[in-house]
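Structure, as structure tokens:
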Amino acid sequence: MAPRARIGSITKSIFALVLGSVLTATAVFVAISFRGPPPGDPPQLVTAIVAAMRGEKPRHHFGPGLRIAEKPNRPAPSAAMVAQPGRALRVAQLLGVPPSQVLVWSTQLPIGIDDPFAGEFIFGDFVVAWQHGTSWRVVSNAPSPLIKRWYWVTLLALLATILALAWPAWALSRAIARPIRRIAESAGEARAGVPLGPMPLNGVGEVRILSRAISRMHDRLSRHAEGRTTMLAAIAHDLGTPLSRLAFWVEQLPEESRLRANADLDEMRGMLGAVLRFARDESKPEADARIELGSLLDSLSEDMHIAGAPVAITPGVRAIVRGDPQALRRLFANLVENAIRYGQSAVVAWQVVDDKVVVTIDDQGPGFDPRADDRLFEPFVRGDPSRNRETGGTGLGLAIVRSIAEAHRGSVALDNHPGGGRVCVILPLDHG
């Protein structure tokens, strides 16, 4: 697929769209104002009124139309109308009747008989009455519609303008939002030791600048994390040599002192092993295989149960994930061991929700403090505030768990259930 054409900066694009919209709307208003009639009713021809009084069909008339009525008494116009004697004289002449039999009122001020338009038009609302016999024939203008033609033309023109401007506005919005959404998705999946996802290199100028800045930031953080991991692994490895020499000298101590010293050396070796595993698990998974998660959890639970650990499993539906089976086994083993250490037992279950599998490990312990959830995933932070190795561990278990979960594009969270604590691991399903 050919790359999309680049557009200028966001500021220039939005400014051009707003300016173009204002100019287009102004041009439409000007065109309507110059080409269309005014919104008010046009004047009415006196000849059309006279023809209506005679019962004839007017040849020409303006406005919404005329109303004709027969009334036994003299009509009473509204307070806003004034008498028009000049027009009354003209109507009487056209009817061929004495002027005393014709009355004309309108909302326009009276105009003298010498006015050139006095006998041709009547402006505004009007009432023309002709007394013939004992009754009055009354002609008035019909009420104007609520929305006149001029208003309809204006509304339709504005609607057409809005529809015409909506497409470039929508296209500009998508051109701005689409690459930003891709940046957010790539940034959300970014982690140390794994290349950053595809970043948009087209679109508005600010988006291209943001993509390059995030890529450089990810590179710097990746190099920093790699250096830290390398340093931890080197320190843990190099400490093995002095520990071996210490073990040699410990053998020459009396038995009681030798037993205590060997216990301390074993504790130090365990801590160094945990650091090495944490350094290894900070990197990308070594394998990328399709794994039936239920089988992996069944195998892990069975092995730990045979070893005497109080582990139970609640079977779930078939769930296929992709990743490193050894790393995932280590992840769930750490969580089960923590559940047993702090909560006396562990119950493993899983279910599929949308395109993800949710694995829960429940224990019967005191649960987790919501205020300390995030800190427990940091390296060397222990759930037991004591420094007792039998209960507190090294503080790397949950850090390793989170590192492995994120390396598999998943997440891990601490929660509580009515009987104790709960750890939720969410991994994306692999559909092949």
Inset, instruction - Please name all residues satisfying side chain to side chain donor-acceptor pair (under 3.5 Å) with H417, sequence neighbours left out, ordered by chain then number. - result: none

Inset, instruction - Please report the closest heavy-atom contact between V207 and P179, naming both atoms and the distance. - result: CG1-CB, 3.4 Å

Legend entry - Any donor-acceptor pair under 3.5 Å from H408 side chain to D324 backbone: yes

Inset, instruction - Report yes if the side chains of R137 and H132 come closer than 4.5 Å at any heavy-atom pair, otherwise no. - result: yes

Inset, instruction - Might you point out which heavy atoms bring G367 and N416 nearest each other, and give the distance in Å? - result: CA-OD1, 3.1 Å

Inset, instruction - Find the distance between CG (L158) and CZ (F29) and round it off to the nearest 0.5 Å. - result: 4.5 Å

Inset, instruction - Flag the pair L103 / W130 as yes when at least one side-chain heavy-atom distance between them is below 4.5 Å, and no otherwise. - result: no

Inset, instruction - Quick one: list whatever passes side chain to side chain donor-acceptor pair (under 3.5 Å) with D363, sequence neighbours left out. - result: none

Inset, instruction - Could you check if a side-chain atom of V348 sits within less than 4.5 angstrom of a side-chain atom of V359, using non-hydrogen atoms only? - result: yes

Legend entry - Steps toward side chain to side chain contact (heavy atoms under 4.5 Å, CB included) verdict (K356, L427): CA-CA 6 Å; K356 301 180 183 298; L427 298 171; over 6 Å; no

Show me the donor-acceptor pairs, under 3.5 Å and distance only, between side chains in residues 296-308 and residues at least two apart or in other chains.
residue : atom : partner : partner atom : Å
S299    : OG   : R329    : NH1          : 3.4
S301    : OG   : L297    : O            : 2.9
D303    : OD2  : R329    : NH2          : 2.5

Legend entry - Rounded distance [0.5 Å steps], CH2 in W167 versus CG in L172: 11.5 Å

Inset, instruction - Would you name the heavy atoms of Y342 and P366 that are closest together and state the gap between them? - result: O-CD, 3.8 Å

Legend entry - Least distance between heavy atoms, M81 atom then P77 atom: SD-CB, 4.0 Å

Inset, instruction - Would you confirm whether R87, through its side chain, and V46, through its main-chain N or O, come within 3.5 Å as a donor-acceptor pair? - result: no

Legend entry - Interatomic distance, L66 atom CG to S140 atom OG [nearest 0.5 angstrom]: 8.0 Å

Inset, instruction - For the residue pair V423 and T360, establish whether any side-chain heavy-atom pair is separated by less than 4.5 Å. - result: no

Legend entry - Side-chain heavy atoms of I340 within contact of Q344, under 4.5 Å: no

Inset, instruction - Starting at CG of L45, measure out to CD1 of I122 and round the result to the nearest 0.5 Å. - result: 10.0 Å

Legend entry - Side chains of P75 and W136 in contact at under 4.5 Å (non-hydrogen atoms): yes

Inset, instruction - Given salt bridge (Lys or Arg N to Asp or Glu O under 4.0 Å), test D430 with R322 step by step and report yes or no. - result: CA-CA 6 Å; D430 181 73; R322 182 173 290 277; 3.3 Å; yes

Inset, instruction - Evaluate side chain to side chain contact (heavy atoms under 4.5 Å, CB included) for T107 paired with V82, printing each intermediate quantity in order. - result: CA-CA 6 Å; T107 55; V82 294; over 6 Å; no

Legend entry - Distance (rounded to the nearest 0.5 Å) between R402 CZ and S411 OG: 11.0 Å

Inset, instruction - Check A346 against I361 and note the closest heavy-atom contact, atom names and distance. - result: CB-CG2, 4.3 Å

Legend entry - Minimum side-chain heavy-atom gap V352-L429 below 4.5 Å: yes

Legend entry - Euclidean distance, L159 CG relative to T154 OG1, rounded to 0.5 Å: 12.5 Å

Inset, instruction - Measure the shortest side-chain to side-chain distance between L95 and M53 over non-hydrogen atoms and say whether it is less than 4.5 angstrom. - result: yes

Inset, instruction - Measure across F123 and S106 and return the closest heavy-atom pair with its distance rounded to 0.1 Å. - result: O-CB, 3.7 Å

Inset, instruction - Apply side chain to side chain contact (heavy atoms under 4.5 Å, CB included) to the pair V321 and V357, showing each step before the final yes or no. - result: CA-CA 8 Å; V321 299; V357 56; 3.8 Å; yes

Inset, instruction - Report the C-alpha separation of V311 and S345 in whole Å, then their side-chain angles, then the decisive distance to 0.1 Å, and conclude whether the side chain to side chain contact (heavy atoms under 4.5 Å, CB included) test is met. - result: CA-CA 6 Å; V311 182; S345 65; over 6 Å; no

